[in-house]
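As structure tokens, the structure follows; a few thoughts come after it.
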Amino acid sequence: MKTIQFFDTHCHLFMDPLRGDTEGVLHRARAAGVTRLIVPSVEAESWDQVRVLAKKPGIYPALGIHPWSADEELDTQNLENALTASSSVAVGEIGLDYKIEIPDRNTQINVFRQQLDVALELDLPVILHCRGAFEEMLSILSEDSYRGNIRGVVHAFSRGTQLARRFLDLGFFLAFGGAVTRLRAKRARKSAVFVPSDRILLETDAPSIGMEGLAQGEVEPVHVTKVAHEIAELRKTNAFDIAGITWVNACNLFGIDPDD
Ligand SMILES: [Zn+2]
């Protein structure tokens, strides 16, 4: 009989409080069957931390510049070299966040576009962060050079089915995390049912996003099991099924052998 295994496609092990207890965090995760993790970077300074973490089994790196850090000068050649040297599985996390004012929108857009071009160049998927900028992001991703050529995931998706549909139409995956564990997050819960089974991913975004019963900062990769159970209930199936389909989807998107 196969044991249940979960893939947390988005967690920041290099952030406090997780970074002080990496071994404990990984032990608790593995004990619950959470055996694969993707660790996306935020700013160039975290690239090295991510590369060191990715030496551990089951941890896959993604390097990029988060919109919050988009005021850093981005040397795309440097990013390409770092992605290749670390065998990164994605460019991430990247995107647009219009709920913050600094960096300004133009700066964010420029750095986002630069990184989409890096993803095209290296044929890597992207991990997208988007807040308050969905129209702008969809319009960029719909441009001729990107549509059908850029693949990836919208992380921490918590919006409604109409927006979900538009990203799905562009070929994107949607990753669900803590939001779906909250009864009041009606849109997120509807979208978690709406998304086709070959486009859904699980994540925690630990330690950045809380969950029902867990404050921000208390969330660890092990809690992706809670997300899976909640989604299983919403989709009227079981956690084993959700763990299985999201495992295969993550391996497909990020080019990882599912049986390694
Ligand atoms: Zn994140």
Side-chain angles (χ1 to χ4, degrees), residues 6-19 22 25-26 29 34 36-54 59-72 74 79 82-83 86 88-100 103 108 111-112 115-116 119 124-134 137 152-159 167 172-182 185 188 200-211 214-224 226-227 246 250 253-254:
F6 300 88
F7 200 139
D8 181 357
T9 61
H10 198 112
C11 58
H12 300 290
L13 294 183
F14 54 89
M15 287 183 186
D16 284 326
L18 302 185
R19 74 165 159 194
T22 316
V25 166
L26 290 175
V34 184
R36 287 188 180 175
L37 319 170
I38 290 176
V39 180
S41 65
V42 177
E43 69 288 287
E45 203 180 64
S46 56
W47 293 357
D48 271 339
Q49 294 164 292
V50 171
R51 277 187 290 212
V52 170
L53 285 162
I59 299 186
Y60 301 89
L63 303 182
I65 301 283
H66 194 287
W68 297 349
S69 304
D71 52 350
E72 289 179 18
L74 175 62
L79 174 59
L83 285 161
S86 60
S88 282
V89 297
V91 181
E93 59 183 289
I94 66 174
L96 300 173
D97 194 329
Y98 287 0
K99 300 212 169 171
I100 55 166
Q108 289 190 34
V111 172
F112 179 49
Q115 296 183 96
L116 291 176
L124 282 173
V126 293
I127 297 173
L128 299 178
H129 168 107
C130 190
R131 281 201 316 164
F134 285 99
M137 179 171 279
V153 55
V154 186
H155 113 83
F157 192 80
S158 63
R159 301 294 299 258
F167 280 105
F172 279 79
F173 289 69
L174 302 177
F176 294 87
V180 297
T181 64
R182 301 191 193 276
I200 184 172
L201 299 177
L202 302 179
E203 66 163 70
T204 56
D205 199 19
S208 309
I209 299 185
M211 262 180 217
L214 291 165
Q216 186 193 18
E218 290 176 351
V219 174
E220 304 184 0
V222 62
H223 299 123
V224 82
K226 271 172 78 91
V227 178
T246 53
L253 175 60
F254 298 109

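We count ligands from 1, going down the list as the structure has it; atoms in each ligand are counted the same way.
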Tally of protein N/O/S atoms under 2.8 Å from the Zn ion (ligand 1)?
-> 4

Give a yes or no answer on whether the side chain of T181 reaches the backbone of V227 with a donor-acceptor pair at less than 3.5 Å.
->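 No.
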
Within a radius of less than 6.0 Å around CD of E43, do more than 12 heavy atoms belonging to other residues, nucleotides or ligands occur?
->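 Check passes, neighbour count above 12.
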
Atom CG in L26, atom CD in E220: separation rounded to 0.5 Å?
->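 It is 9.5 Å, given to the nearest 0.5 Å.
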
Might you point out which heavy atoms bring A250 and L201 nearest each other, and give the distance in Å?
-> N-CD2, 3.4 Å

Those residues that, when tested against Q115, pass side chain to side chain donor-acceptor pair (under 3.5 Å) (two or more places apart) |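 Side chain to side chain donor-acceptor pair (under 3.5 Å) check on Q115 returns nothing, list empty.
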
Is any side-chain heavy atom of H12 less than 4.5 Å from a side-chain heavy atom of P40?
->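 Yes, at least one pair of side-chain atoms sits under 4.5 Å.
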
